[in-house]
Each structure stands twice: as structure tokens, then as C-alpha cells.
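Presented below is the structure to which this report refers.
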Amino acid sequence: VVSSVVESMKEHNYARYKIAGIAVIDKEMTGKYIDGVKVVANMENAAEYVCKEWIDEVLIVTSGVVQYPKELIEQFTETGVTVHLNLAKVQSVPGKKQFVEKIGDYTVLTTSINYASTRDLMLKRLMDIAGGLVGCLITGILFIFVAPAIYIASPGPIFFAQKRVGRNGRIFKMYKFRSMGVQDPKKEAKEWTTKNDVRVTPVGRVIRKTSLDELPQFWNVLKGDMSLIGPRPERPLFVEKFKEEIPRYMIKHQVRPGITGWAQVNGFRGDTSIRSRIEHDLYYIENWSLGLDIKILFLTFFKGFVNKNAY
């Protein structure tokens, strides 16, 4: 069965998918190769592999004598990965959104927490590009006034770049106006900004309170690292910490991170409850629409820029 699945994928869908590996669930074959593709996992560690290696999608095809691994499917669903099930024996499977499509020779039932049509994704990206261009223009104008103030308060670079985890686990540099004194990057990456943080300069407090420090992220939006709307990206160190502590935390990485999001317009910004923030992020992903994005943009203008938790 495995050999025929790999052959089908290469013949019909190889341009669409890159096969990351095979998981064999009815026998131990980890480390071996099937038609040039490595067996990377078994029943026990398949979900862990998917999460660790940031796999985007999983195709499950079983032989006539092997039942669908319901517990494993539930584990996949918890990570937020898109799951495709061969329709030959599907009875009932868990999932937020489901639809039928063709993958290789197989008609599959696809389960995804954040499915969106190609048209919707294109419109969202066009909105990001338009907003990114306007945002970069505004940033350039304000730079004339903000840059001297930042330098006078603390000589050094005007911009601050920090590694964040984006869609599908890709690491990118997120940009801000620098609001703190120049620090050791290794030390800074491990510390969380708290109220009355001594590292923040007087000018920094003003631009953080008014969210002016976030404006350079419009460049990240134009580059495609981020979106105007989406879950806020986190530092790699904290991602490793939170994924062990908070159920379904990794689902937020199934979409592009945003400058603002549903959590932020509901007050969960800065040093606030991570669990509540994730609950709002998951609500956004599960209920995403262009209308919801527009609503969040509207709310951001009225209560997202100035926030008591931004310090």
C-alpha cells in the first residue's frame, strides 16, 4: 500500500506537495526507505514528528485489513495540521471543517481547522499588500520625527530586529522601532517585558503605549512574513515553553502572524494571560473570514493602538 501511495503522489501531485516522510502504523520500519522516501515515524511517534518537524498536511491511506487510527487522527487534529483521509472506509472523523477533494488517485475527506479558498487567501494577501504599502509610507513619514527622539534617549540603532516564529514554524526577523536601551541580544531574547521595565527608555514608553514601535512591521507584511491580521508571533524560546504547557498552542502557526489580532482588540496584549490569548487566536483561526479581518481592523483603530497593557 505504501509504495502505491508514494507512486501516486509523485505521478499526480508531486508539484503541489513535497513528501517529507512516511509513517508506517502497522509494523516497525522507521529508518528504511520506500521508493526513495524515508520512513520517519510509527504509530507511537507520528504525531510528535508532525509537530516537531512542522509538517503542513498529512495523508492517511490504510489497507483493507487495517482500521483508521482514530486516536492518531485526533492527535493530528490537535496540532492543527490538515488531515486527508482516503474516503474508502471513512465513517466519522473529528474536525472543524471538512470537504472532499482529489489527491493523487485518492478521493479524500480533508479536515482542516483553518481552511480557506484560494480566492479568499488571494484577497487577504491583496489587502495585506495594500495595507503594507500605506503602512510603510506612514512609517517613513513618522521616522523623520521618531528616529531623532529614539537616538537622543539612547544612542544606537533606530530599528530593532528580533527572531520570531511564523507560519509553519518558519523563523523570521520582526522589526520594531527600538524602545529600549541597547542590550545583549542573547540576554534580551530570554526576557519578557513587564510593567515599569527599567530597560524601556522614556521615549520608548511613549511609542510602546501608542503602538508606534510596531509600525516597521508593515515591512514584514509586504515581505510576506506577516499579515495585517493574525495571531501575534512569539520568540522561539517561548514557543518551545508554551507548546508544552498550553493545549493546542501550536495551531496558531498554521496561519501567518499579524500586526494585530482578535486577542489584541479584546485586551490580551503585553503581559496578560497567554492561555486567554491563545483561546482568542484559535477562535480567529477557526472562524476566519475577510469580514472578521475588517472588523478587527476597525476595532484596532478605536481601541487597539493605545492599550493599558502595552508597556
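If you're wondering where the values come from, they're calculated on a predicted model, not measured in any experiment.
One side chain, Asp35 or Ser3, offers a donor N or O that lies under 3.5 Å from an acceptor on the other. Neither side chain, Tyr249 nor Asp281, offers a donor N or O lying under 3.5 Å from an acceptor on the other.
Distance NZ/Lys18 to CD/Glu57: 14.5 Å, rounded to 0.5 Å. The CD1 atom of Ile285 sits 13.5 Å away from atom NE2 of His280, with the distance rounded to the nearest 0.5 Å. Note that CG of Leu212 is 10.5 Å distant from CD1 of Ile138, once rounded to the nearest 0.5 Å. The CG atom of Leu121 lies 8.5 Å from the CZ atom of Arg256; values are rounded to the nearest 0.5 Å.
Crowding of Glu48 atom CD: a count of heavy atoms from other residues, nucleotides or ligands under 6.0 Å not exceeding 12. Within a 6.0 Å sphere centred on CH2 of Trp219, heavy atoms belonging to other residues, nucleotides or ligands number 12 at most. Within 6.0 Å of the NZ atom in Lys52, the count of heavy atoms belonging to other residues, nucleotides or ligands does not exceed 12.
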Is there a side-chain hydrogen bond (donor to acceptor under 3.5 Å, both in side chains) between Tyr284 and Asp293 once you walk through the steps? CA-CA 9 Å; Tyr284 169 78; Asp293 273 4; 2.6 Å; yes
Going through the distances and angles, do Asp213 and Ser179 end up as a side-chain hydrogen bond (donor to acceptor under 3.5 Å, both in side chains)? CA-CA 7 Å; Asp213 63 319; Ser179 59; 4.8 Å; no
Between Trp288 and Leu290, does a side-chain contact (heavy atoms from CB on, under 4.5 Å) hold up when you go through it step by step? CA-CA 7 Å; Trp288 177 82; Leu290 289 174; 3.8 Å; yes
Full working for side-chain contact (heavy atoms from CB on, under 4.5 Å) between Arg232 and Met174: CA-CA 11 Å; Arg232 288 293 294 168; Met174 187 182 79; 3.8 Å; yes
I would like to know whether Lys124 and Leu228 meet side-chain contact (heavy atoms from CB on, under 4.5 Å); could you show each step before the answer? CA-CA 9 Å; Lys124 181 175 175 65; Leu228 293 175; over 6 Å; no
Carefully, step by step, assess Ile129 and Arg125 under the rule side-chain contact (heavy atoms from CB on, under 4.5 Å). CA-CA 6 Å; Ile129 292 173; Arg125 182 57 188 151; 3.9 Å; yes
Evaluation steps, side-chain hydrogen bond (donor to acceptor under 3.5 Å, both in side chains), between Arg178 and Ser154: CA-CA 9 Å; Arg178 184 170 59 87; Ser154 174; 3.0 Å; yes
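The closest donor-acceptor contact from the side chain of Asn287 to the backbone of Tyr283 lies under 3.5 Å. Between the side chain of Gln264 and the backbone N or O of Gly261 there is at least one donor-acceptor pair closer than 3.5 Å.
Put simply, Phe143 and Tyr175 are part of two different groups of oily side chains (I, L, V, M, F, W, Y) that touch within less than 4.5 Å, one to the next.
When side chains are defined from C-beta on, Ile25 does not count as touching Asn42, because their heavy atoms never get closer than 4.5 Å.
Contacts of Glu240 classified as side chain to side chain donor-acceptor pair (under 3.5 Å), with partners at least two apart in sequence or in another chain: Lys243. In this structure Phe76 satisfies the ring pair (Phe, Tyr, Trp, His ring centres under 6.0 Å) test with no other residue, sequence neighbours excluded.
Here the two rings, on Phe159 and Phe177, have centers that are under 6.0 Å apart.
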